[in-house]
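These notes concern the structure reproduced below.
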Protein chains: 2
Amino acid sequence: MKNSIKVQRAIHDMTQADLAQAIGVSRQTINAMEKNKYVPSTVLSLKIAKLFKKPLEEIFFLEETD
Amino acid sequence: MKNSIKVQRAIHDMTQADLAQAIGVSRQTINAMEKNKYVPSTVLSLKIAKLFKKPLEEIFFLEETD
DNA sequence: TCTAAATGTAAAGTTTGTTTTACTTTTGTG
DNA sequence: CACAAAAGTAAAACAAACTTTACATTTAGA
């Protein structure tokens with residue numbers, strides 16, 4: 001799975017730390033997500049989509065390998 | 001987080017086992033999700049939304065406590 | 001009612017998400 | 001350049017997702 005969190009952060013002018021605090025996770029969790037180190041839980045992705053006011057599917061994308 | 005997987009299964013006339021096989025998890029995983037035993041990964045929820053041809057937010061909902 | 005299919009549940013084990021701490025590297029701005 | 005903020009990274013520890021096996025309960029149909 002891939003995501004466009006970094007782009008959304010740029011649009012909203014937020015740092016990784018800002019986003020982390022806004023949704024209640026550690027900064028490393030945001031960083032790892034952006035670097036595709038792991039797949040976040042659905043609660044996390046829903047919170048991020050909600051914060052950025054976008055459908056979840058516009059931020060998180062399935063890949064062939066998923 | 002809550003979800004309407006059971007309703008979607010009914011609409012598509014699928015058993016828990018059918019759905020499990022369709023998205024590549026165990027039947028117990030589907031059962032546990034329906035009973036809100038745990039929060040699925042974003043890959044799982046995306047696959048389910050895709051299978052049922054619905055926006056993810058129409059199947060998985062954040063709650064106050066999330 | 002009898003039976004089979006479907007669902008619910010539970011425990012043990014493995015894998016993966018997430019946190020914490022801490023340090024390095026990059027980037028932007030004076 | 002110099003400094004600070006932001007981003008990248010890494011390892012250990014813990015929490016949660018997911019599997020497997022196995023069995024009990026419910027539901028639907030002959």
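Within every chain, numbering begins at 1; the chains are lettered A, B, ... in the order of the sequence lines, protein sequences first and strands thereafter. The basis for the numbers below is simple: all heavy atoms, side chains too, and nothing from hydrogens, waters or symmetry mates.
Computed from C1' positions of five pairs at each end, the angle between the two local axes of the helix from C/dT1-D/dA30 to C/dG30-D/dC1 equals 60°, rounded to 10 degrees.
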List the atom pairs, with distances to 0.1 Å, where a side-chain N or O of residues 43-53 of chain A and a protein N or O form a donor-acceptor pair under 3.5 Å, not counting sequence neighbours.
| residue | atom | partner | partner atom | Å |
| --- | --- | --- | --- | --- |
| A/Ser45 | OG | A/Ser41 | O | 3.3 |
| A/Ser45 | OG | A/Thr42 | O | 3.1 |
| A/Ser45 | OG | B/Thr42 | OG1 | 2.8 |

What pairs of donor and acceptor atoms, side-chain ones from residues 56-65 of chain A against any protein atom, are under 3.5 angstrom apart with sequence neighbours left out?
| residue | atom | partner | partner atom | Å |
| --- | --- | --- | --- | --- |
| A/Glu57 | OE2 | B/Leu56 | N | 2.9 |
| A/Glu63 | OE1 | A/Met1 | N | 3.0 |

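Only B/Arg27, B/Gln28, B/Asn31, listed by number, bring a heavy atom of residues 18-34 of chain B to less than 4.0 angstrom from any atom of DNA chain C. Of the residues in residues 1-10 of chain B, B/Lys6, B/Arg9 come within less than 4.0 Å of DNA chain C through at least one heavy atom, sorted by number. For the contact set between residues 52-63 of chain B and DNA chain D, defined by any heavy atom under 4.0 Å, there are no members.
Applying the salt bridge (Lys or Arg N to Asp or Glu O under 4.0 Å) test to residues at least two apart or on different chains, the pairs with a partner in residues 2-25 of chain A are A/Arg9-A/Glu34.
Taking B/Asp66 as the reference, nothing meets the side chain to side chain donor-acceptor pair (under 3.5 Å) condition, with sequence neighbours excluded. Remark: B/Ser4 engages no residue in a side chain to side chain donor-acceptor pair (under 3.5 Å) (not counting sequence neighbours). Every residue two or more places apart in sequence or in another chain that forms a side chain to side chain donor-acceptor pair (under 3.5 Å) with B/Asn31 is listed here: B/Gln16.
A/Leu19 and A/Ile11 fall into different hydrophobic clusters, defined by Ile, Leu, Val, Met, Phe, Trp and Tyr side-chain heavy atoms under 4.5 Å apart, directly or through other members. Put simply, A/Ile30 and A/Val7 are part of two different groups of oily side chains (I, L, V, M, F, W, Y) that touch within less than 4.5 Å, one to the next.
In this structure, CE in B/Met33 is found 3.0 Å from CD1 in B/Ile5, a value given to the nearest 0.5 Å.
Whole-Å rounding puts the B/Asn36 CG to C/dT7 C1' distance at 16 Å. B/Tyr38 has its OH atom 14 Å from the P atom of C/dT9, to the nearest Å.
Listed here is the closest heavy atom pair of B/Ala22 and B/Met14: CB-CE, 4.2 Å.
Taking 4.0 Å as the cutoff to heavy atoms of chain A, we find the contact window on DNA chain D bounded by D/dA6 to D/dA10.
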Scoring nucleotides 24-30 of chain C by protein non-hydrogen atoms under 4.0 Å (B base, S sugar-phosphate only, - none) yields -------

